[in-house]
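Below you'll find the structure, written out as structure tokens, and then a few comments.
Numbered from 1 within each chain, the chains take letters A, B, ... in sequence-line order. Every value quoted in this text rests on a predicted model; they were computed, and no experiment measured them.
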2 protein chains.
Amino acid sequence: MEYQEAKDKFISTWGSLGTLWGINKAMAQIQSLLFISTKPLSMEDIMEELKISRGNTSMNLRQLMDWGIVTKELVPGERKEFFTTEKDVQELARHIAKERSRREIKPVIKVLKEVSSIKDDGTVKTKELIKQTKALHDLAETADTMMNKIVNQEHNWITKSLMKLIK
Amino acid sequence: MEYQEAKDKFISTWGSLGTLWGINKAMAQIQSLLFISTKPLSMEDIMEELKISRGNTSMNLRQLMDWGIVTKELVPGERKEFFTTEKDVQELARHIAKERSRREIKPVIKVLKEVSSIKDDGTVKTKELIKQTKALHDLAETADTMMNKIVNQEHNWITKSLMKLIK
DNA sequence: ATAAACTTTCAATAATTATTGAAAGTTTAG
DNA sequence: CTAAACTTTCAATAATTATTGAAAGTTTAT
């Protein structure tokens with residue numbers, strides 16, 4: 001496999017994985033492109049490489065910046081803006097996990113808390129609703145806490161310790 | 001908050017969270033409904049409660065069965081089929097994690113492996129592609145392995161140990 | 001065997017989500 | 001100040017994904 005083929009394969013695979021971390025295809029592809037680029041890219045570069053429109057590029061870059069995984073770079077002597085993504089996978093994972101937790105998981109945990117706290121009117125169905133949503137709440141909260149802690153550790157420390165623990 | 005309101009809130013919230021674990025709205029809502037039901041439900045029951053068509057119900061129940069989180073129940077003396085979902089959250093999480101890993105994460109890891117194994121032609125951009133996809137490969141593999149192991153443990157054991165470790 | 005009870009399939013349609021492109025907005029150089 | 005270089009916005013459109021409903025298929029009771 002040659003460079004170009006490998007590059008295309010990476011971008012399209014990583015792009016389609018976007019759903020897994022809750023972002024759309026264009027966003028994921030832009031991030032991929034930046035991730036393997038050896039230098040900051042301009043909007044022009046990105047449009048050209050991915051064959052997407054200016055508007056699309058602009059909107060998705062903005063979202064990537066909102067997620068905190070892409071930043072504007074000022075290149076001296078250049079008028080236009082350049083972009084780079086976080087290059088360290090560990091740091092990238094940290095940002096993504098933190099954002100997903102904030103945007104999606106925490107709000108759900110809140111609802112589960114509310115629902116599981118309704119007053120027990122003594123009926124079987126109410127008891128079941130309370131019991132099951134409570135179980136889900138506890139699971140979601142534990143998972144969320146764990147994920148955030150794991151992802152905030154030093155890479156080697158956590159991998160080593162966990163692997164040892166789990167093996 | 002009364003039972004009905006709490007129930008509706010739970011079903012719609014959990015339903016919209018479907019994307020987080022890679023399933024569609026109807027699928028997630030059917031699963032939610034079964035999850036808090038005190039008895040197995042028929043297709044008729046589900047259609048009625050969620051106001052969705054017979055076809056939609058049938059297709060989504062099938063998918064839930066493919067995921068291994070919903071099973072057919074035979075009710076003696078009844079002609080139609082009844083459905084139940086896994087009621088234990090731990091077991092539910094295990095199934096979901098296992099399926100997602102198999103369907104989405106493993107294939108991506110495979111591609112990352114291929115891409116990161118292209119021959120180094122000595123150019124800077126090839127070196128960067130190899131380096132970055134390799135880092136991503138290692139991260140994805142570690143995360144996948146960890147997730148699967150964690151989710152396959154006894155509930156209390158893992159929660160206690162991990163919490164102690166991470167605190 | 002056949003009719004009723006029930007489930008599945010799938011082409012048509014609806015709903016949602018992503019993308020374009022051109023106009024409006026902003027910044028900088030001269 | 002103003003024209004050129006560049007970015008953002010957003011209504012229109014395209015692409016994708018979900019949903020319906022009725023016909024076809026299957027199972028069971030008589």
Side-chain angles (χ1 to χ4, degrees), chain A residues 11-34 40-67 70-85 103-104, chain B residues 11-34 40-67 70-85 103-104:
Chain A
I11 290 173
S12 90
T13 304
W14 201 239
S16 71
L17 191 69
T19 59
L20 204 131
W21 39 296
I23 71 177
N24 74 33
K25 204 180 73 181
M27 236 175 114
Q29 291 187 339
I30 293 173
Q31 198 277 331
S32 310
L33 184 61
L34 294 173
L41 301 180
S42 68
M43 251 178 59
E44 217 62 55
D45 296 334
I46 295 168
M47 288 165 59
E48 155 101 1
E49 284 261 17
L50 301 178
K51 306 270 182 280
I52 59 179
S53 72
R54 188 173 296 281
N56 200 4
T57 308
S58 170
M59 286 168 116
N60 286 108
L61 275 171
R62 142 99 83 137
Q63 285 202 76
L64 285 164
M65 289 187 285
D66 288 349
W67 271 76
V70 162
T71 47
K72 271 188 191 158
E73 196 92 345
L74 291 177
V75 173
E78 284 276 12
R79 181 82 169 267
K80 56 182 167 234
E81 297 173 325
F82 287 79
F83 301 88
T84 43
T85 189
R103 293 168 193 233
E104 303 182 80
Chain B
I11 290 173
S12 91
T13 303
W14 202 240
S16 72
L17 190 69
T19 59
L20 203 130
W21 40 295
I23 71 176
N24 73 33
K25 203 181 73 181
M27 236 175 114
Q29 291 188 338
I30 293 172
Q31 199 276 331
S32 308
L33 184 61
L34 293 173
L41 301 180
S42 68
M43 253 179 59
E44 217 61 57
D45 295 334
I46 295 167
M47 289 165 59
E48 155 101 359
E49 284 262 17
L50 302 179
K51 306 272 182 277
I52 60 179
S53 72
R54 188 173 296 283
N56 200 4
T57 308
S58 171
M59 286 167 116
N60 286 107
L61 275 171
R62 142 101 83 137
Q63 286 203 75
L64 285 164
M65 289 187 286
D66 287 350
W67 271 76
V70 162
T71 46
K72 272 188 190 159
E73 195 93 345
L74 291 176
V75 172
E78 283 277 13
R79 180 80 168 269
K80 56 182 167 234
E81 297 172 325
F82 287 79
F83 301 88
T84 43
T85 190
R103 293 169 193 232
E104 301 182 81

B/Leu64 CG - D/dA18 P separation (whole Å): 13 Å

Rounded to whole Å, CD of B/Gln63 lies from P of D/dA18 at a distance of 9 Å

In this structure, CD of A/Gln31 is separated from CD1 of A/Ile11 (nearest 0.5 Å) by 10.5 Å

Any side-chain heavy-atom pair of B/Leu41 and B/Ile30 under 4.5 Å: no

Rounded off to whole Å, could you give me the CZ-to-C1' distance for the A/Phe83 and D/dC6 pair? 11 Å

Atom-pair distance (CG on B/Leu50; P on D/dA18), nearest Å: 16 Å

Tabulate below the donor-acceptor pairs under 3.5 Å that side-chain atoms of residues 60-67 of chain A make, not counting sequence neighbours, or state none.
{"unit_1": "A/Asn60", "atom_1": "ND2", "unit_2": "A/Asn24", "atom_2": "OD1", "d": "3.4"}

Just how far is it from atom CE of B/Met47 to atom OG1 of B/Thr57, taken to the nearest 0.5 Å? 5.5 Å

Rounded to whole Å, the NZ-C1' distance (A/Lys80 to D/dA4) equals 14 Å

Any A/Arg62 side-chain nitrogen or oxygen under 4.0 Å from OP1 or OP2 of D/dT9: yes

Rounded interatomic separation in angstrom, taking CD from B/Glu78 and C1' from C/dA5: 12 Å

With rounding to the nearest 0.5 angstrom, report the OG to CD distance, B/Ser58 to B/Glu81. 9.0 Å

So what is the 5' to 3' dot-bracket string for DNA chain D, if pairs are Watson-Crick or G-U wobble with both distances under 3.5 Å, crossing pairs use [ ] and | means the partner sits on another strand? ||||||||||||||||||||||||||||||

Base-contact (B) and sugar-phosphate-only (S) positions in nucleotides 19-30 of chain C, heavy-atom cut-off under 4.0 Å, - elsewhere: SBB-----BB--

Nearest-angstrom distance from the residue atom CD of A/Glu48 to P of D/dC6: 15 Å

Base, sugar-phosphate alone, or nothing: which one does B/Glu44 contact when heavy atoms must sit under 4.0 Å apart? nothing

Sequence neighbours excluded, which residues qualify as salt bridge (charged side-chain N to carboxylate O under 4.0 Å, His left out) partners of A/Glu73? none

The criterion is salt bridge (charged side-chain N to carboxylate O under 4.0 Å, His left out); which residues satisfy it with A/Arg54, sequence neighbours excluded? A/Glu44

For B/Lys80, the salt bridge (charged side-chain N to carboxylate O under 4.0 Å, His left out) test, sequence neighbours excluded, returns none

A quick test of your reading: do over 12 heavy atoms of other residues, nucleotides or ligands sit less than 6.0 Å from CD of A/Glu48? no

Nearest whole Å is fine: how far is C/dC6 C1' from B/Glu73 CD? 18 Å

